[in-house]
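Just follow the structure's listing: the first ligand is 1, and inside any ligand the first atom is 1. Hydrogens, waters and symmetry mates play no part in the numbers below; they use all other heavy atoms, side chains included.
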Amino acid sequence: MAGRRGFNVCVVGATGLVGKEIISILEERKFPVKSLRLFASERSAGEKIEFMGEDITVEPLEGASFKGIEIGLFSPGASVSKVYAPKATSEGCVVIDNTSQFRMEPDVPLVVPEVNPHRIADYRKRGIIANPNCSTIQMVVALKPIHDRFRIRRVVVSTYQSVSGAGKSAMDELSEQVRMLFNMRGFECRVFPHRIAFNCIPHIDIFLENRYTKEEMKMVLETRKIMEDDSIRVTATCVRVPVFVGHSESINIETERPVTCEEVRKVLEDAPGVEVVDDPENAEYPMPVDCSERDEVFVGRIRKDESVENGINMWVVADNLRKGAALNAVQIAELLIKEYL
Ligand code: NAP
Ligand code: 3JM
């Protein structure tokens, strides 16, 4: 790799679902990588991961130096980012962090390139740019163009989140439970608090004092920060469903200005990063099986909420590992190098 033009990059959490997706998206989008270092826990140190035809050895994060690394793409979990993101920035590396650790800190920008790319400039404050939660990202990509045109007052969202959002061990747990159930054998619940196979669990992340989960409050607080509008009222119910990849959301919107489905459809058809799939007569609407391994946020089932004056219902699906995490982070890195580095 020596001699190639580009940036010295590292991926922290490189062996995880998000980290692996980041590595393949860097390659796929031809991100200008001069050198790539991969970090994970002691458990996977020494493993090899291929990048641009070369095997790169995974290094342990503990004790690592970030000197000379210009961009760090982090997804090792919040408690690990809490310690290692500040270490990396103190050694001159700009961190794009996928965890919830820094998202709500006022001096850390929280960025979705289709919505608030100008905020990337604030990376100078702490050296960190936060990537929002997967469910928030796909929702705001669809909400922003509607808000700009019709002013959103209130959003009621219910999510149907795939198990890949909870990491590789969660995907293994769903596969194993399905296998065990078909073989009439017993199984343990290690990642989820209940059986996830053929079930729905209305509990993602921890419960808070207000009886909402932390995942639900991420959607409320992050949406307001990204849209730069604290007047938008948001309420969420987040549910884990037995789908491997792809988060779905039922979104109800109330707007200040009068709105029709045709107008919403047109606004969304013209919006960056959105694809409208809405042909109910032919049974066409977005579904996780069709939207995984795709980059766009898919919107369908657009219809008037007939119970209020200016209301719209819609169904939004995206690949949570791509637009919900790795792709959004790489898009931020692309803008960072184009505009600022
Ligand atoms: P995963 O498949 O479980 O992978 C976790 C990764 O973190 C692995 O590479 C793991 O290394 C590494 N890791 C764990 N503990 C570590 C430590 N002490 N030091 C160094 N590396 C460590 O999980 P994932 O799906 O990739 O998600 C990882 C994190 O990304 C989540 O916890 C979450 O904070 C964030 N995330 C964000 C979004 C989003 O919407 N932005 C979506 C999904 C996840 P080993 O393989 O060595 O254990
Ligand atoms: C920890 O589907 C999910 O569970 C959401 C993704 C996720 C996050 C996140 O991005 O908020 C999984 C595990 C976190 C976190 O708090 O960083």
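Closest protein heavy atom to atom 4 (O) of ligand 2: Arg240 NH2, 2.7 Å. Of all protein heavy atoms, the one lying nearest to atom 14 (C) of ligand 2 is Lys218 NZ, 3.8 Å. Protein heavy atom nearest atom 39 (C) of ligand 1, with residue, atom name and distance: Gly324 O, 3.2 Å. The nearest heavy-atom contact from the protein to atom 40 (O) of ligand 1 is Cys134 N, 2.6 Å. If you check which protein heavy atom lies closest to atom 32 (O) of ligand 1, you get Gly77 CA, 3.3 Å. For atom 10 (O) of ligand 2, the closest heavy atom belonging to the protein is Arg103 NH2, 2.7 Å. What sits closest to atom 4 (O) of ligand 1 on the protein, heavy atoms only, is Gly16 CA, 3.1 Å. For atom 6 (C) of ligand 2, the closest non-hydrogen atom of the protein is Gly165 O, 3.4 Å. Looking only at protein heavy atoms, the nearest one to atom 47 (O) of ligand 1 is Ser44 OG, 2.3 Å. The closest protein non-hydrogen atom to atom 25 (O) of ligand 1 is Gly167 CA, 3.3 Å. Among protein heavy atoms, atom 37 (C) of ligand 1 sits closest to Asn98 O, 3.0 Å. With hydrogens left out, the protein atom closest to atom 12 (C) of ligand 1 is Gly13 CA, 3.9 Å, a heavy atom. Looking at atom 15 (C) of ligand 2, its nearest protein heavy atom turns out to be Ser100 OG, 3.3 Å.
Using modelled atom types, one finds a donor on one side chain and an acceptor on the other under 3.5 Å when comparing Glu263 with Thr260. For the residue pair Asn133 / Ser100, no side-chain donor-acceptor distance below 3.5 Å is found, with atom types taken as modelled. Ser158 and Glu249 share no side-chain donor-acceptor pair at under 3.5 Å.
Within the 4.0 Å heavy-atom criterion, neither part of Gln101 lies near ligand 2. Contacts between Ile204 and ligand 2 below 4.0 angstrom, taking non-hydrogen atoms only, involve the side chain exclusively. At a heavy-atom distance under 4.0 Å, only side-chain atoms of His247, from C-beta outward, approach ligand 2. Under 4.0 angstrom from ligand 2, there are no non-hydrogen atoms of Ala325.
At a 3.5 angstrom cut-off on N or O pairs, Asn133 does not count as close to ligand 1. Between Leu61 and ligand 1, no N or O atom pair is found at a separation short of 3.5 Å. At a 3.5 angstrom cut-off on N or O pairs, Val18 counts as close to ligand 1. Looking at ligand 1, you won't find any N or O of Thr99 less than 3.5 Å from one of its N or O atoms. On a distance-only criterion, Ser169 and ligand 1 share no N/O pair closer than 3.5 Å. Considering backbone and side-chain atoms together, Ser100 places no N or O closer than 3.5 Å to any N or O of ligand 1. Residue Gly19 has no nitrogen or oxygen atom sitting less than 3.5 Å from a nitrogen or oxygen atom of ligand 1, judged on distance alone. An N or O contact shorter than 3.5 Å links Leu17 to ligand 1 by distance. Where the criterion is an N or O separation shorter than 3.5 Å, residue side chain and backbone included, Asn320 fails it with respect to ligand 1.
Each of the atoms 2 (O), 5 (C), 6 (C) of ligand 2 lies under 4.0 Å from some heavy atom of Cys134. For ligand 2 and Gln161, the ligand atoms under 4.0 Å from any heavy atom of the residue are 2 (O), 3 (C). Close approach to Thr15 involves these atoms of ligand 1, each under 4.0 Å from a residue heavy atom: 8 (C), 9 (O), 10 (C), 11 (O), 45 (P), 46 (O), 47 (O). Short contacts between ligand 2 and Thr99, defined as distances under 4.0 Å to a heavy atom of the residue, involve ligand atoms 17 (O). Residue contact check: Asn133 has heavy atoms under 4.0 Å from atoms 5 (C), 9 (C), 10 (O), 11 (O) of ligand 2. If you number the atoms of ligand 2 from 1 as listed, the ones under 4.0 Å from a heavy atom of Glu215 come out as 3 (C), 5 (C). Close approach of ligand 1 to Ala14 (heavy-atom distance below 4.0 Å) involves ligand atoms 9 (O).
Comparing heavy-atom distances from atom 3 (O) of ligand 1 across Gln101, Arg43, Lys168 singles out Lys168 as nearest.
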For a side-chain contact (heavy atoms from CB on, under 4.5 Å) check, start with the C-alpha distance between Glu296 and Val274, then their side-chain angles and the critical distance, and finish with the verdict. CA-CA 5 Å; Glu296 303 85 348; Val274 175; over 6 Å; no

Can you check salt bridge (Lys or Arg N to Asp or Glu O under 4.0 Å) on Lys266 and Asp270, steps first, answer last? CA-CA 6 Å; Lys266 178 80 178 62; Asp270 295 341; 2.7 Å; yes

Take Asn116 and Glu228 through the test side-chain contact (heavy atoms from CB on, under 4.5 Å) and record every step on the way to the result. CA-CA 8 Å; Asn116 62 343; Glu228 298 180 6; 4.1 Å; yes

Would you please test Tyr340 and Ile120 for side-chain contact (heavy atoms from CB on, under 4.5 Å) and show each step? CA-CA 9 Å; Tyr340 305 99; Ile120 292 174; 3.6 Å; yes

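Aromatic ring pairs are classed by plane angle as parallel below 30°, tilted from 30° to 60° and perpendicular above 60°; the pair Phe66 and Phe74 is parallel.
The backbone N or O of Ala78 lies less than 3.5 Å from no partner atom in the side chain of Ser81, so there is not a single donor-acceptor pair.
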